[in-house]
Amino acid sequence: MKNNLKILRREKKLSQQELGQRLDVSRQTINAIEKGKFHPSLPLTIKIVRFFKKDLESIFLMDN
Amino acid sequence: MTKITHNGLWLDFSSLDKGDKKNYTLSSIFFFIAGGIAGFVTTANSYGDPIPATEMTIAGIICLLIGVFFWIKFYRAQDEMFKRFHDFAVTTGAYCFIVLGIIFHSLSLAGVIAEVVHQDVCFPLNFLFFGIGTLAGQVSFYKKHLS
């Protein structure tokens with residue numbers, strides 16, 4: 001699964017640390033999600049979607 | 001939130017907030033005391049002394065339970081990355097405990113080691129397997145998700 005988190009974060013001019021603080025997770029977690037090395041849980045996914053005010057599938061993209 | 005460092009073998013204490021620092025420190029202190037007491041009781045047993053039974057043993061168990069209490073408080077305050085890291089490491093430790101434990105005991109290797117060191121090594125050996133598995137799990141998770 002890929003995602004546009006890095007692009008969206010940069011659009012909002014936030015650092016990984018700042019986004020992590022807004023979402024109540026660590027900078028490492030944001031970094032791992034952006035790199036596609038870690039898939040967030042459903043509650044965190046909902047937090048991300050609500051924070052960026054986007055559709056789920058405009059942030060997270062299934063490979064197939 | 002906790003920053004995991006050193007290939008998953010350490011955490012950056014300065015990354016913890018005030019409450020996390022308190023819980024982490026207290027759990028570590030109580031685990032350390034419980035470990036010391038367990039070591040004292042085990043050593044006393046291996047030298048054939050009577051078990052300095054109840055008081056020491058009960059004190060050790062109480063310290064262990066207090067350590068667990070503070071560790072759970074610490075764990076609950078962490079984000080999902082740390083929780084998955086923790087759960088993966090502990091699960092790997094449990095697999096190691098079972099698989100290596102079964103192999104060692106089926107081949108009676110524990111008995112061979114016991115004859116060399118002149119004391120029963122069943123529990124310490126299984127505990128060692130758990131520790132090895134946990135460390136392997138920590139490194140493996142770090143390499144896969146955090147490096």
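The shown structure was predicted, so the numbers you read here are calculated from the model rather than taken from an experiment. Residue numbers start from 1 in every chain, and the chains themselves are labelled A, B, ... in the order their sequence lines are given, proteins ahead of strands.
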For B:L146 versus A:Q28, what's the shortest heavy-atom pair and its separation?
CD2-CB, 4.0 Å
I need the residue from A:I33, A:N31, A:D24 with the largest number of non-hydrogen atom pairs under 4.5 Å to chain B.
A:D24
Would you say B:I4 ends up clustered with B:W71 if hydrophobic residues are merged whenever their side chains have heavy atoms under 4.5 Å apart, either directly or through other cluster members?
yes
Please output the residues of residues 20-28 of chain B in contact with chain A, using a heavy-atom cutoff of under 4.5 Å, in numerical order.
none
Given heavy-atom pairs under 4.5 angstrom as the criterion, report whether the side chain, backbone, both or neither of B:K3 touches chain A.
both
Within a radius of less than 6.0 Å around CZ of B:F127, do more than 12 heavy atoms belonging to other residues, nucleotides or ligands occur?
no
How many angstroms lie between CE in B:M1 and CD in A:Q21, if you round to the nearest 0.5 Å?
10.0 Å
Do any of residues 78-85 of chain B have a heavy atom less than 4.5 Å from a heavy atom of chain A, and if so, which, in residue order?
B:D79, B:E80, B:M81, B:R84
What part of B:S15 gets closer than 4.5 Å to chain A, counting heavy atoms only: side chain, backbone, both or neither?
neither
Tell me whether the count of non-hydrogen atoms from other residues, nucleotides or ligands lying under 6.0 Å of NZ in A:K12 goes above 12.
yes
With a 6.0 Å cut-off (strictly less than), is the heavy-atom count around NE2 of B:H6, excluding the residue itself, greater than 12?
no
Residue-level contacts of residues 37-50 of chain A with chain B, using a heavy-atom cutoff under 4.5 Å
A:K37, A:F38, A:H39, A:P40, A:S41, A:L44
Counterpart residues, side-chain hydrogen bond (donor to acceptor under 3.5 Å, both in side chains), relative to B:D87 (two or more places apart):
B:Y75
